[in-house]
Amino acid sequence: MELKGKVALVTGAALGIGKAIAEILLKNGAKVGMIRGSKLALQHMSKEKGAAGGVIVNVASLAGYYPMEGGPVYTATKYGVVGYTKALSLDCMKNHGVRVNALCPSIVDTQLVRSQEGDGRKVMDNLIEKLGTLLTPAQIAEGLLELVLDQSRNGAMMKMFHDGRIEYEDQAEVQPAEA
C-alpha cells in the first residue's frame, strides 16, 4: 500500500505513541488528521459511502493477552481493545473495504509510564526491572507502518515484545453457527 497522498486518521497524535505514529506516517507521504474512534474512522473510509477504503490500527497492549499484576483495569481495557478489533475486522473488509488490525506492545517508554506515582510507580518499577528494557514510541510507529503497508493482514494482532521480537496472531476465519 502506497501512503503518498493517503489520509491517515490518528487518535492521540499529540504525545507518546500517537505522536510517533503521526510522524512516521507523515515521513512516508500520508496526510495526518486526528479522529476519535474506529467507528467514526470507518464512516469516513467505507467504500459503501464512496470512500477508498483503508486500514484501522488500534493500539492495545500485551496486557490484552497477559494479565498485568497491579493493573486489573488496564488489563481489562486492553483485553477489550483486542476483542473489539477482532470482532470489527470480521465484516469491515468485505463490507467496507477497510482492514482492522491492532498493535499489542510491551511497556513503552512514554511520559505516562514515567509519570506514575504511588502504587502505580511500584508496579511500573517492578515490570521495568523484570523486563530490563522498554520499547520506544518509534518502535511502535514502525510496527504500525508494517501493519498499514501489509495488505494481506486483516484482524491481525501484532504482539511487540520488550526484546524486539514480533509475533502475529492472525484472525481465524469465523464459521457461522449452525441453526
Shortest non-hydrogen contact from A141 toward A20: CB-O, 3.3 Å
According to a hydrophobic-cluster definition based on side-chain heavy atoms being under 4.5 Å apart (Ile, Leu, Val, Met, Phe, Trp, Tyr only), do V55 and I21 belong together? yes
With the 4.5 Å side-chain cut-off for hydrophobic clustering, are V10 and V59 part of the same group? yes
Are I140 and L147 linked, directly or through intermediate hydrophobic residues, by side-chain heavy-atom contacts shorter than 4.5 Å (ILVMFWY only)? yes
Which atom names give the shortest non-hydrogen contact between V123 and E69, and what distance separates them? CG1-O, 3.4 Å
Taking side chain as C-beta onward, heavy atoms only, is V148 less than 4.5 Å from L3? yes
In Å and rounded to the nearest 0.5 Å, what is the CD1 to CD distance from I166 to Q139? 8.5 Å
M93/K47 under side-chain contact (heavy atoms from CB on, under 4.5 Å): CA gap, chis, key distance, verdict: CA-CA 10 Å; M93 188 60 194; K47 286 185 175 181; over 6 Å; no
Nearest 0.5 Å, please: how far is CG in L149 from CG in N28? 6.5 Å
Using atom types as modelled and distance alone, determine if a side-chain donor or acceptor of N154 lies under 3.5 Å from a backbone N or O of S89. yes
Could you state the interatomic distance from OG (S106) to CG (D163), rounded to the nearest 0.5 Å? 8.5 Å
Carboxylate-amine/guanidinium contact K122 E117, below 4.0 Å: no
I want to check something: taking the side chain as every heavy atom from C-beta on, are T136 and V108 in contact at a cut-off of under 4.5 Å? no
Would you say that more than 12 heavy atoms from the other residues, nucleotides or ligands in this model lie under 6.0 Å from the CD of E167, or not? yes
What is the minimum heavy-atom distance between P67 and T75, and which atoms define it? CA-CG2, 3.6 Å
ILVMFWY network linking F161 to V82, side-chain heavy atoms under 4.5 angstrom: yes
Does the N101 side chain pair with the main chain of V57, one donor and one acceptor, at a distance under 3.5 Å? no
Which pairs with one or both residues in residues 140-149 pass side-chain hydrogen bond (donor to acceptor under 3.5 Å, both in side chains), sequence neighbours excluded? E146-Y168
From D170 CG over to M158 CE, what is the distance, rounded to the nearest 0.5 angstrom? 10.5 Å
Compare all side-chain heavy atoms of D109 with those of L135 and state whether any distance is below 4.5 angstrom. no
With rounding to the nearest 0.5 angstrom, report the OH to OH distance, Y79 to Y66. 9.5 Å
Mind checking who shares a hydrophobic cluster with M45, ILVMFWY linked at side-chain heavy-atom distances under 4.5 Å? L42, I56, Y84, L88, V98, V100
Could you check whether any side-chain N or O of S46 sits under 3.5 Å from a backbone N or O of Q43, counting only pairs where one atom can act as donor and the other as acceptor? no
Would you check if the side chain of S61 reaches a backbone N or O of G64 as a donor-acceptor pair within less than 3.5 Å? no
With sequence neighbours left out, write down each residue that passes side chain to side chain contact (heavy atoms under 4.5 Å, CB included) with D125, or none if nothing qualifies. R121
State whether a side-chain donor-acceptor pair under 3.5 Å links S38 with N58. yes
Report the distance from atom CG of L62 to atom CD1 of I107, rounding to the nearest 0.5 Å. 9.5 Å
With the side chain counted from C-beta on, respond yes when H96 and E48 share a heavy-atom pair under 4.5 Å apart, and no when they do not. yes
With hydrophobic residues grouped by side-chain heavy-atom distances under 4.5 Å, do M68 and Y65 end up in a single group? no
What I want to find out is whether D150 reaches R153 closely enough, with some N-O distance under 4.0 Å, to be called a salt bridge. yes
Is there side-chain contact between E169 and K86, with heavy atoms separated by less than 4.5 Å? yes
